[in-house]
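Here is the structure we will look at.
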Amino acid sequence: MKKRRLAGVVLLLAAVLSSCGIKKTEEQQPASPKTERITVGFSQVGSESDWRMASTASIQDAFADSPYTLLFNDGQQKQENQIKAIREFIDQDVDYIILDPCVETGWDSALMEAKEAGIPVIVIDREVSVEDESLYTAWIGSDFYLEGQRAMKWLESYLQKENYEEPLNLVGIQGTIGATAQIGRSRALEEAAAAHDNWTLLEEQTGDYTEAKGKEVMEEYLRKYKDEIQVVYCENDNEAYGAIDAIREAGKKVGMKIKDGEILVLSFDATHGGLQLTMEGKIAVNTECSPLYGKRLVRMIDEMEQGELPEHHTYIEEGQFSNYSGIRAIWVVDNSYLVTRVTEELLEEREY
Ligand code: GYE
């Protein structure tokens, strides 16, 4: 008995000594699985817009402050790059994948591979359209169709308030074709144009969510339709910046006085720059789309680490901004949504 106790003490002592001794070598070796940090691979669409840059910053900042390691990949607006990134994340054996898919379709095999590797995929912002919804764990993003409906409702209310009954010609500068944000916003424009007898949607073309392409498309519209355009529907703020430049360079004015020949600009995102132009009345109404996903994602992974299963489909709540004081709220189907005026204070506090 005594002998055994002694042997125990000797063993313990040996263990302590050897643990001191191997400390250095332990540091040189890869950490044991238990102490390894959780790794999250994030496949971002690209860096095409202010919104996108804000989304990247929000996610990188939140993860830098978290216990998780973020691996970031910029897909440069190409689905093939994003699929490649997903495969690389699988090879690296990450614990989670976050995907903001540039377009909706074509993800089935890559997501199947992630599922087979046992890696949960969280889809953000734009959606994926897959046969089997269990290929991703959760999606969180905006209701883009509703955003478009809100913009169109605002326009309809504005024309009513201003007793504008003449024919109205609209042009659309679309986002990246096939992206959920484009599909929903374009659909709302097309449906609203079809629902009004005196509205004509002259043309829609993609501006790929960039300022340069937005400008090019608007220049073409102005050459083609001359003084016929009353409204330009830009599917994001950067396209609106480009369109406003093109209008100015063509010697025309942007603003809400359609009857005086001004071209009314509608935009989405409500970034800092977009809201500045909204405050100046150059963008008539700016429908918000929030890129601030970072903290939510960290929280979601915290919860999943605790064994909780996130909601499969979550919409973010968003606002709408205008400098026109005549419309305080608009109705879409059975819901009313407030329209906020942009003030200096609001601009100062704006996070993106
Ligand atoms: O509106 C645009 C960005 O998917 C909601 O993508 C996002 C859109 C956003 O480039 O600015």
Side-chain angles (χ1 to χ4, degrees), residues 42-59 74-79 81-82 98-105 107 122-129 139-152 172-189 204-215 217 232-244 265-278 283 285-294 296-297 313-321 350-352:
F42 171 36
S43 166
Q44 173 63 295
V45 170
S47 55
E48 71 282 1
S49 65
D50 294 357
W51 187 102
R52 187 66 51 200
M53 310 293 262
S55 149
T56 297
S58 161
I59 295 170
D74 179 338
Q76 299 178 350
Q77 294 238 66
K78 290 206 173 72
Q79 183 173 35
N81 292 344
Q82 290 199 281
I98 298 172
L99 168 68
D100 190 331
C102 57
V103 291
E104 283 193 355
T105 54
W107 300 99
I122 302 168
V123 181
I124 61 162
D125 170 30
R126 303 174 183 178
E127 300 196 49
V128 291
S129 156
W139 169 83
I140 177 160
S142 306
D143 187 338
F144 302 110
Y145 177 50
L146 177 63
E147 289 176 355
Q149 286 178 303
R150 288 169 72 172
M152 287 290 96
I173 306 181
Q174 298 171 290
T176 301
I177 300 298
T180 317
Q182 176 274 315
I183 296 170
R185 292 171 187 165
S186 297
R187 179 180 157 208
L189 167 66
E204 287 179 285
Q205 263 188 53
T206 182
D208 243 339
Y209 287 125
T210 68
E211 187 168 339
K213 196 80 197 298
K215 187 173 179 209
V217 172
V232 54
Y233 181 91
C234 305
E235 290 186 8
N236 81 344
D237 280 340
N238 289 82
E239 292 179 342
Y241 305 156
I244 291 170
V265 181
L266 302 164
S267 185
F268 295 89
D269 286 353
T271 57
H272 194 277
L275 285 185
Q276 175 73 45
L277 292 170
T278 310
I283 290 174
V285 71
N286 205 327
T287 308
E288 185 176 41
C289 179
S290 175
L292 305 176
Y293 285 99
R296 277 171 191 270
L297 287 168
H313 215 83
T314 311
Y315 284 120
I316 291 173
E317 280 191 22
E318 295 165 321
Q320 193 173 34
F321 302 91
R350 195 69 179 161
E351 278 185 73
Y352 66 95

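Note that the structure is a prediction, hence the values are computed from the model and not measured. Indexing begins at 1, ligand by ligand and atom by atom, following the structure's order.
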Near ligand 1 (heavy atom, under 4.0 angstrom), the protein residues are E48, S49, W51, R52, D125, R126, F144, A181, R185, Y209, N236, D269, C289
Polar side chain donor-acceptor pair, Q174 to T206, under 3.5 angstrom = no
Checking the side chain of S58 only, and the main-chain atoms of G294 only, is there a donor and an acceptor separated by less than 3.5 Å?
yes
The single option from T210, T271, D208, D50 that satisfies side chain to side chain contact (heavy atoms under 4.5 Å, CB included) with N238 is D50
Across all chains, not counting sequence neighbours, the ring pair (Phe, Tyr, Trp, His ring centres under 6.0 Å) partners of Y233 are F268
Worksheet item: Side chains of T176 and Q182: is there a donor and an acceptor less than 3.5 Å apart?
Response: no
*D269 (side chain) donor-acceptor with C289 (main chain) under 3.5 angstrom*: no
